[in-house]
Engineer: 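Take this structure, written in structure tokens, and hold onto it; I'll ask about it next.
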Amino acid sequence: MKITPNISYIGVDDLSLDLFESQYAVPEGMAYNSYLIEDEKIAILDTVDARCGDLWKDNLRQALGGRTPDYLVVHHLEPDHSGLLAWALEEYPQLRLVLGAKASSMLAQFLDEAPDAERIMVVKEGDVLQLGSRSLKFMAAPMVHWPEVMVSYCPEDGVFFSADAFGKFGAMSRCGFWGEDDNDWACEGRRYYFNICGKYGMPVQTLLKKASALDIRIIAPLHGPVLRENLQYYLDLYRCWSSYGVETDGVFVACASIHGGTSAAAECLAEILRSKGCPKVATADLCRDDMAEAVEDAFRYGKMVILAASYDGGLFTPAHTFLHTLAMKGWQKRRVGIVENGSWAPSAGRVMREMLAAMKDVEIVEPLVTIRTRLKPSDVPALEALADAILG
């Protein structure tokens, strides 16, 4: 697949993968993107996961047409992008790796045998690799989302090779090669961003500032579609997400119920919120729904109510896992309400308050609502008061 006359896509789809990073469900598979620039010198840009090694080798050989590559640019060392480094170095003895200083220091961790020093070209911020009529300018992107990440830009074609930034869950063959082929890029792009990069808003903001100085016509990430139309849409989403802004006006209602009593309260609260004119009420069953999607919605909306049962003198496990994950991902700048359930000694509210209070710029609204086993008509006024407070 040609991205430009001189830049080819040689990535692969992994349709058998069930969990990306062994934790994120990928029902539409996963794309591992790799590119080839052909000029007087030939550069491979990243490899793929070893799971798909044979397919990538075939794609590379077909694109090369018998020629020999000169460089292999390593934007990111994570194994889903560096799985064929050792093979490439052995297959092409003249090949040189091009990577940043941090990646160079980490390289031995990913190879059984480190390459000779003359086969490593270390580049830094602003360095340019001349390939002939085309070039690659390198920019550091530490903690987007590993410390060794760099991105590159081909000014002659306006192509921004963004590493894991602007990535998305889903295989190309199922979700479309170009971003405009996808009916809802933001859905899986958002779930990808907040679960992979969500903690690193400031580094992403730094990268966006660097990108703003470039004439970008195509964004070529390491996962998901290549983007070439309406680029401002994707850039604006990343600015919102990385600044922890509110993307959608509404309330996210997240519930962890053991026997159904807490779920009934969540359903009642959702209806109360709708009746009060809340523009959007999203809900999640933290026991059954995809946890990564719940994290995504917690970031998407500016307001959240979490309802959970008490358990072993603390908090029901799915709710604890959810709040722990939000803390890990840097959830912040949000308003949140709490509903606890307990049959004899309610404890969930205390734990949820402690966990939320430790997060940055999180406002916990009152009242903290307590129900006992099952929702009763006498509990509804407290839910009404909480709805008024969260809508504020």
Side-chain angles (χ1 to χ4, degrees), residues 11-34 46-52 75-83 141 143-147 149 162-176 179 182-201 203-204 221-227 234 237-238 240-242 244 247-248 252 254 256 282-301 304 317-331:
V12 298
D13 278 351
D14 189 343
L15 299 178
S16 65
L17 184 70
D18 59 338
L19 295 174
F20 181 70
E21 292 190 350
S22 295
Q23 58 182 322
Y24 304 117
V26 282
E28 299 299 328
M30 199 68 189
Y32 308 124
N33 297 347
S34 175
D46 301 290
T47 70
V48 302
D49 196 297
R51 290 169 51 91
C52 303
H75 290 107
H76 184 18
L77 273 174
E78 201 166 5
D80 53 331
H81 307 300
S82 64
M143 300 318 301
V144 186
H145 63 124
W146 275 25
V149 174
S162 61
D164 269 355
F166 300 97
K168 175 183 174 293
F169 294 125
M172 294 285 206
S173 58
R174 291 182 176 173
C175 300
D182 191 336
N183 290 328
D184 189 5
W185 181 93
C187 180
E188 287 293 69
R190 185 188 304 108
R191 185 167 73 101
Y192 174 92
Y193 174 84
F194 284 117
N195 286 281
I196 304 298
C197 300
K199 181 178 181 178
Y200 306 111
V204 173
L222 285 177
H223 294 294
V226 175
L227 310 174
Y234 306 104
L237 280 177
Y238 258 61
C240 175
W241 296 344
S242 61
Y244 305 98
E247 182 187 349
T248 302
F252 176 48
T283 63
D285 180 346
L286 297 176
C287 304
R288 294 168 178 82
D289 294 340
D290 178 24
M291 187 64 71
E293 288 192 9
V295 169
E296 167 195 346
D297 279 342
F299 278 97
R300 180 176 184 174
Y301 299 95
M304 179 178 77
T317 307
H320 193 283
T321 299
F322 173 62
L323 291 178
H324 174 70
T325 304
L326 289 185
M328 286 179 59
K329 301 302 179 183
W331 194 68

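In this text the structure is predicted, and so the values were computed from the model without any measurement. Heavy-atom basis, side chains included; hydrogens, waters and symmetry copies ignored.
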Engineer: Run the ring-ring contact (aromatic ring centres under 6.0 Å, His included) test on Phe166 and His223 for me, step by step, so that the C-alpha distance in whole Å, both residues' side-chain angles and the decisive distance to 0.1 Å come before the verdict.
Structural biologist: CA-CA 8 Å; Phe166 300 97; His223 294 294; over 10 Å; no

Engineer: Between the side chain of Asn33 and the main-chain N/O of Pro221, is any donor-acceptor distance below 3.5 Å?
Structural biologist: yes

Engineer: Tell me if the NE2 atom of His76 is crowded by more than 12 foreign heavy atoms within 6.0 Å.
Structural biologist: yes

Engineer: What is the ring orientation for Trp241 with Tyr238, classed by angle as parallel under 30°, tilted 30 to 60°, or perpendicular over 60°?
Structural biologist: tilted

Engineer: Asp297 side chain to Arg300 main-chain N or O, any donor-acceptor pair under 3.5 Å?
Structural biologist: no

Engineer: Mind checking whether Phe252 and Phe322 have parallel, tilted or perpendicular rings, split at 30° and 60°?
Structural biologist: perpendicular

Engineer: Which pair of heavy atoms, one from Cys187 and one from Glu296, lies closest together, and at what distance?
Structural biologist: O-OE2, 3.4 Å

Engineer: Going through the distances and angles, do Gln23 and Met291 end up as a side-chain contact (heavy atoms from CB on, under 4.5 Å)?
Structural biologist: CA-CA 9 Å; Gln23 58 182 322; Met291 187 64 71; over 6 Å; no

Engineer: Does the separation of the ring centres of Phe194 and Trp331 fall below 6.0 angstrom?
Structural biologist: no

Engineer: Please step through side-chain contact (heavy atoms from CB on, under 4.5 Å) for the pair Tyr32 and Asp14, ending with a clear verdict.
Structural biologist: CA-CA 8 Å; Tyr32 308 124; Asp14 189 343; 3.1 Å; yes

Engineer: Quick one: are Val149 and Glu78 in side-chain contact, heavy atoms under 4.5 Å?
Structural biologist: no

Engineer: Show the nearest heavy-atom pair for residues Gly224 and Ala31, with the distance to one decimal.
Structural biologist: N-CB, 3.9 Å

Engineer: Judged by atom type as modelled, is there a donor-acceptor pair below 3.5 Å linking the side chain of Ser34 to the main-chain atoms of Gly11?
Structural biologist: no

Engineer: Please walk me through it: do Arg174 and Leu15 pass side-chain contact (heavy atoms from CB on, under 4.5 Å)?
Structural biologist: CA-CA 9 Å; Arg174 291 182 176 173; Leu15 299 178; 3.8 Å; yes

Engineer: Under a 4.5 Å cut-off applied to non-hydrogen side-chain atoms, are Met30 and Phe169 in contact?
Structural biologist: yes

Engineer: Please assess Ile196 against Glu21 for the test side-chain contact (heavy atoms from CB on, under 4.5 Å), listing each intermediate value before the final yes or no.
Structural biologist: CA-CA 10 Å; Ile196 304 298; Glu21 292 190 350; 3.7 Å; yes

Engineer: So, are Glu188 and Lys168 salt-bridged, with charged N and O less than 4.0 Å apart?
Structural biologist: no

Engineer: Using a 3.5 Å distance criterion without hydrogens, assess whether the side chain of Tyr193 forms a donor-acceptor pair with backbone atoms of Gly167.
Structural biologist: no

Engineer: Please name the pair of heavy atoms, one in Lys329 and one in Phe299, separated by the smallest distance, quoted to 0.1 Å.
Structural biologist: O-CZ, 3.5 Å

Engineer: Under 3.5 Å, side chain of Thr47 to main-chain N/O of His81, donor-acceptor pair present?
Structural biologist: yes

Engineer: Quick one: does any side-chain atom of Asp46 pair with a main-chain N or O of Leu222 as donor and acceptor, under 3.5 Å?
Structural biologist: no

Engineer: Ignoring hydrogens and geometry, is there a side-chain-to-backbone donor-acceptor pair from Tyr234 to Trp185 under 3.5 Å?
Structural biologist: no

Engineer: Below 4.0 angstrom, N of the basic side chain to O of the carboxylate: do Arg191 and Asp290 qualify?
Structural biologist: yes

Engineer: Can you give me the closest heavy-atom contact between Val26 and Leu19, atom names plus distance?
Structural biologist: CG2-N, 4.1 Å

Engineer: Hey, does the side chain of Asp80 reach the backbone of Asp49 with a donor-acceptor pair shorter than 3.5 angstrom?
Structural biologist: no

Engineer: Taking C-beta and beyond as the side chain, do Leu17 and Arg51 meet within less than 4.5 Å on heavy atoms?
Structural biologist: yes

Engineer: Spell out, as yes or no, whether a donor-acceptor pair under 3.5 Å connects the side chain of Asn195 to the backbone of Ala292.
Structural biologist: yes

Engineer: Provide the closest heavy-atom pair for Ser82 versus Leu77 in the form atom of the first, atom of the second, distance.
Structural biologist: OG-O, 2.8 Å

Engineer: What are the two closest heavy atoms between Leu286 and Ala319, and how far apart are they?
Structural biologist: CD1-CA, 4.1 Å

